[in-house]
Amino acid sequence: MLNSLLGRSAVCREWGRIGQPGTSHEDWCSTIAEAKATLGQRAAAKVRRGYTGWSHDA
């Protein structure tokens with residue numbers, strides 16, 4: 001997660017093939033709690049798809 005100078009937080013995602021330039025996206029949230037909730041939703045979706053070996057703890 002990132003925090004801006006204006007008090008907003010972002011959940012940053014990157015995806016693509018290993019060794020290639022990837023695609024990135026930022027989900028901006030008004031509070032840290034909202035950003036953590038967004039991160040948890042993204043993590044739950046990954047787990048449902050079978051991804052393992054990482055943690056979403058912030």
Side-chain angles (χ1 to χ4, degrees):
M1 277 189 298
L2 295 175
N3 290 320
S4 74
L5 294 174
L6 301 176
R8 296 180 67 203
S9 298
V11 176
C12 302
R13 300 181 282 144
E14 291 188 49
W15 62 92
R17 291 182 171 256
I18 295 173
Q20 299 295 318
T23 301
S24 63
H25 181 79
E26 297 171 353
D27 293 317
W28 285 95
C29 305
S30 56
T31 65
I32 291 176
E34 184 182 346
K36 286 183 179 183
T38 299
L39 183 60
Q41 291 169 353
R42 297 287 178 193
K46 292 286 188 185
V47 170
R48 282 194 302 272
R49 291 186 194 113
Y51 285 82
T52 60
W54 58 279
S55 174
H56 70 278
D57 296 331

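In this chain, residues are counted from 1 in sequence order. The structure presented is a predicted model; accordingly, all values stated were derived computationally and were not measured.
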Closest non-hydrogen atom pair between S24 and E14, with its separation = CB-CG, 3.7 Å

Closest non-hydrogen contact found for A35 with S9 is CB-CB, 3.8 Å

With sequence neighbours excluded, residues passing side chain to side chain donor-acceptor pair (under 3.5 Å) with S30 | E34

Rounded to the nearest 0.5 Å, what's the gap from CG on L39 to CZ on R13? Could you check?
-> 10.5 Å

